[in-house]
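Structure first, then comments.
Naming convention: chains lettered A, B, ... in sequence-line order (proteins, then strands); numbering from 1 in each chain.
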Amino acid sequence: MDRDYPNHLALSHHIAAPARRFYEGEMASPPVVRFAPSPTGRIHIGNARTALLNWLFARRRNGTFILRFDDTDPERSKAEYADAIEADLKWLGITPDLVRRQSERMAAYDEAAARLRALGRLYAAYETADELDRRRKRQQALGRPPIYDRAALRLSEAERAALEASGRKPHWRFLLEPSIVRWDDAVRGESHIDCASLSDPVLRREDGTYLYTLPSVVDDIDFGITHVIRGEDHVTNTAVQIQIFEALAGAAPRFGHHNLLTDAGGGGLSKRAGALSIASLRAKGIESLAVAALAVLVGSAEAVRPVDSLDELAGLVDPSHLSHGAARFDEAELEALSARTLHRLPYAAVADRLAALGVAGPKAEALWLAVRGNLSRLDDAAIWREVVEGEVAPIVEDADFLKLAVSCAPEGPWDQSTWGAWTTRLKELTGRKGRALFHPLRLALTGREAGPELAVLLPLMGRARALARLSGQSV
RNA sequence: GCGCCCAUCGUCUAGCGGUCCAGGACGCCGCCCUUUCACGGCGGAAACGCGGGUUCGAUCCCCGCUGGGCGCGCCA
């Protein structure tokens, strides 16, 4: 890093000093990563994958995770979206160590732009957006790559003066060196991009505002980012950014580009981002732990499986174990994983959420353990609370049989062996077995076709309630 | 159109020239727990895109084709 680069914009006490060092071979100090969404909408499963990969990476290595809002586009950025994104991340279990906004750091970008200009790497260009658009289309039509021709560099002083005199304001482009930029990608290994095939990127608009590229690099430098983990839609940007990093700081952080997700049909995800928004998954009652697990495990060498915590998940995630091709994200698989996640959650992990559903008190844990294996969403625990201690309208399929069941009901108190003894007696009395024996009882006792084992439900339900329901009473 | 990346069971993948008549996970099917639905346990079916090379020998290396993802913005 340049010695003379001003340090005053760097994060001070928030981040341990060693974290400011850029990546150098094997990691010596805890990493600093960032997730940098633009607050122009809610996040979907694809964004969540990036956020989680960063968070889990930092978490496992005692690193720092920064949430950085790339809100340089004042037209589209909204504070409400930023808040919503933070809420979505929190639901996933991600709490940033630091939150920053690019809109608050204009001075730093001005300073960096001035340095690039002094270095001869930033030049004024006067084409209008329309002109550039037409030019691109013409190049495409001719079968040529749509690359900026650097006409601005060939302007004479007189031409430039005339343009300025006519009121034209320039936008500013970064002068790319025509080299092949190489880096060792944390996911994809040795990578390279030929910058001769790229346009000089516009860093600053004619109105003085910045595009994503420069602020991103400046922030990565000033915040001491050691690893940039992002989607592979950014690989081409990497070449450009490495050149800017080198111009500004002498070195670039380590990059890792994870594979992208497609929808169940194999198409790009952005089109149906709404359907797979974190908010919608949450509204459907999907477990956040399942969303997190599938988001980072799919498309990796690790088997998709339920986890008990994000820490456990962190142990399963490694950038080098991600595959390089797009992977399918199937919502049906998510729902199945969510159910399996639920089936193993200990009471302590869900006590608060259960209490909010009205499942609390001394019997709450026993109820949870009795029903969790049967749930596909946690909210359904409330149904079984109703069955066990609330009111249920029994379904009477065979009144005579139920009457017989009442007449031979064991005396209390009931325990887990009660059900077996009771049904064995009924079998002897009627010769019934299988579905004919159990189905009418389940229907009357719970009002439902399916559910947890009655042997465990019965003691929780109690003798009086059970007998009343078998008699057709709603209790 | 040009560039980058990818190509193994339905899906996510392991495989890094002989160890593969290809391993795991989910899903599916069957059996068991149970004399019910579900949960759980056990077992089974199921794949190397196509065509050329290289090699004694290709899933693994090279080329082409096909298919797919991404990029080529005064978006991020």
Side-chain angles (χ1 to χ4, degrees), chain A residues 36-41 70-73 75-77 102 125 127-130 132-133 136 139-148 169-173 185 188 191-194 197-199 201-207 209-213 215-216 230-239 257 259-262 264 266-269 294 297-305 321-330 332-333 336-337 339-340 343-344 371-376 420 423-424 426-427 432-443 446 448-455:
Chain A
S38 72
T40 55
D70 284 10
D71 55 354
T72 52
D73 184 345
E75 293 297 309
R76 303 192 305 144
S77 298
Q102 295 194 322
E127 296 85 358
T128 65
D130 275 354
L132 292 170
D133 197 42
R136 265 194 300 273
Q139 288 171 311
Q140 296 250 33
L142 260 36
R144 303 306 314 161
I147 296 173
Y148 178 59
K169 283 214 162 24
H171 54 280
W172 299 81
R173 285 185 189 263
D185 197 280
R188 301 156 41 114
S191 305
H192 60 90
I193 298 281
D194 185 358
S197 68
L198 269 29
S199 292
V202 174
L203 261 30
R204 195 176 194 188
R205 299 185 180 92
E206 63 172 72
D207 66 3
T209 60
Y210 292 93
L211 283 98
Y212 146 86
T213 306
S216 178
R230 65 213 317 193
E232 70 173 15
D233 51 336
H234 281 281
V235 289
T236 309
N237 293 335
T238 301
H257 293 92
N259 55 346
L260 265 18
L261 262 21
T262 66
L269 213 54
L294 188 56
L297 259 20
V298 75
S300 87
E302 216 59 52
V304 169
R305 63 163 184 236
H321 292 170
L322 292 172
S323 61
H324 303 175
R328 255 167 240 239
F329 185 92
D330 186 347
E333 189 174 6
L337 183 65
R340 287 199 292 148
H343 297 167
R344 41 188 285 149
V371 308
R372 66 176 182 180
N374 207 262
L375 301 178
S376 55
T423 52
T424 298
L426 278 168
K427 179 191 172 193
R432 290 180 185 232
K433 61 177 183 175
R435 184 179 170 87
L437 175 65
F438 294 105
H439 194 247
L441 297 174
R442 174 175 289 283
L443 244 30
T446 69
R448 305 188 152 257
E449 286 280 351
E453 241 183 298
L454 283 166

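Residue A:Thr262 places no side-chain N or O under 4.0 Å from the OP1 or OP2 atom of B:G69. Listed pair A:Arg205 / B:C75 meets the phosphate criterion, a side-chain N or O lying under 4.0 Å from OP1 or OP2. Side-chain nitrogen and oxygen atoms of A:Thr40 include none within less than 4.0 Å of the OP1 or OP2 phosphate oxygen of B:A76.
Partners of A:Ser323 under the side-chain contact (heavy atoms from CB on, under 4.5 Å) rule, at least two apart in sequence or in another chain, are A:Asn259. For A:Arg188, the salt bridge (Lys or Arg N to Asp or Glu O under 4.0 Å) partners are A:Glu232, not counting sequence neighbours.
With RNA chain B read from its 5' end, the first of the two nearest nucleotides for A:His321 and A:Ala36 is the one closest to A:His321. Annotation: of the two residues near RNA chain B, A:Ala327 and A:Ala129, the 5′-most nearest-nucleotide partner is A:Ala327.
Contact annotation for A:Thr128: base contact, defined as any heavy-atom pair under 4.0 Å involving a base atom. If you check every strand for non-hydrogen atoms under 4.0 Å, A:His343 touches sugar and phosphate atoms only. Across all strands shown, A:Glu127 has heavy atoms under 4.0 Å from base atoms, whether or not it also approaches the sugar-phosphate.
A donor N or O paired with an acceptor N or O is found under 3.5 Å between the base of B:A76 and the side-chain atoms of A:Asn237.
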Worksheet entry | Under 4.0 Å protein heavy-atom contacts per nucleotide of nucleotides 41-48 of chain B, with B for base, S for backbone only and - for none | --------
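Searching all strands for a Watson-Crick or G-U wobble partner of B:C42 with both distances below 3.5 Å returns B:G30. Across all strands shown, B:C4 pairs with B:G69; the Watson-Crick or G-U wobble distances both stay below 3.5 Å. Of the nucleotides present, B:G64 is the one that pairs with B:C50 by Watson-Crick or G-U wobble criteria, both distances under 3.5 Å. B:U19 is unpaired under the criterion used here, namely a Watson-Crick or G-U wobble arrangement in which both key atom distances are under 3.5 Å.
Not a single donor-acceptor pair under 3.5 Å links the side chain of A:His257 to the backbone N or O of A:Asp233. In terms of modelled atom types and a separation under 3.5 Å, the side chain of A:Arg328 and the main chain of A:Ala264 share a donor-acceptor contact. Put simply, the side chain of A:Gln140 never gets that close to the backbone of A:Pro146: no donor and acceptor are under 3.5 Å apart. Remark: side-chain polar atoms of A:Thr446 are not paired, donor with acceptor, to backbone N or O of A:Leu443 under 3.5 angstrom.
Smallest separation of non-hydrogen atoms from A:His343 and A:Leu375: NE2-O, 2.7 Å. Residues A:Thr40 and A:Arg76 share a closest heavy-atom pair of CG2-O, 3.4 Å. Minimum heavy-atom separation, A:His324 to A:Leu322: CD2-O, 3.6 Å. Nearest approach of A:Asp71 to A:Ser77, heavy atoms of both residues: CA-OG, 3.3 Å. Counting all heavy atoms, side chain and backbone alike, A:Arg442 lies closest to A:Arg448 at CG-O, 3.4 Å. The two residues A:Val298 and A:Phe329 have their closest heavy-atom pair at CG1-CD1, 4.4 Å.
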For nucleotides 1-6 of chain B, list the nitrogen or oxygen atoms of the protein found under 3.5 Å from its nitrogen or oxygen atoms, one pair per line.
residue, atom, partner, partner atom, Å
B:G1, O2', A:Gly143, O, 3.2
B:C5, O2', A:His324, O, 3.3

Identify each atom pair where a protein N or O and an N or O of nucleotides 31-38 of chain B are less than 3.5 Å apart, giving names and distance.
residue, atom, partner, partner atom, Å
B:U35, O2', A:Gly434, N, 2.3
B:U35, O4, A:Thr424, OG1, 3.1
B:U36, N3, A:Arg442, NH2, 3.4
B:C37, O2, A:Gly451, N, 2.8
B:C37, O2, A:Gly451, O, 3.4
B:C37, N3, A:Arg442, NH2, 3.3
B:C37, N3, A:Gly451, O, 2.8
B:C37, N4, A:Arg442, NH2, 3.4
B:A38, O2', A:Asn374, ND2, 3.1
B:A38, N3, A:Asn374, ND2, 3.1

Give me, pair by pair, the N or O atoms of the protein and of nucleotides 23-27 of chain B that are less than 3.5 Å apart, along with how far apart they are.
residue, atom, partner, partner atom, Å
B:A25, O2', A:Val304, O, 3.1

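Going from the P atom of B:A14 to that of B:C6 covers 12 Å, rounded to whole Å. With P as the reference atom, B:G10 and B:G71 are 29 Å apart, rounded to whole Å. Spacing of C1' atoms, B:G43 relative to B:C37, comes out at 23 Å, to the nearest Å. Taking atom P on both B:A47 and B:U11, the two are 12 Å apart, rounded to the nearest angstrom. B:A58 and B:C21 have their P atoms separated by 14 Å, with the value rounded to a whole Å. As rounded to the nearest Å, B:G41 and B:C56 have C1' atoms that lie 48 Å from one another. The C1' atoms of B:C16 and B:C33 are separated by 43 Å, rounded to the nearest whole Å. If you take atom P in B:A76 and the same atom in B:G52, they sit 50 Å apart, rounded to whole Å.
Of the listed nucleotides (B:C70, B:U13, B:G73), B:G73 has the atom at the smallest distance from the side chain of A:Arg136.
Between the CZ atom of A:Arg173 and the CG atom of A:Leu203 there is a distance of 10.5 Å, given to the nearest 0.5 Å.
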Practice prompt. Report the C-alpha distance between A:Tyr210 and A:Gln102 in whole Å, list the side-chain angles of each, state the deciding distance to 0.1 Å, and finish with yes or no for side chain to side chain contact (heavy atoms under 4.5 Å, CB included).
Written response: CA-CA 10 Å; A:Tyr210 292 93; A:Gln102 295 194 322; over 6 Å; no
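Evaluation of A:His234 against the base of B:A76 yields a stacking contact (centre distance < 5.5 Å, interplanar angle < 30°).
For A:Arg144, the CZ atom counts as loosely surrounded, since its 6.0 Å shell holds 12 or fewer non-hydrogen atoms of other residues, nucleotides or ligands.
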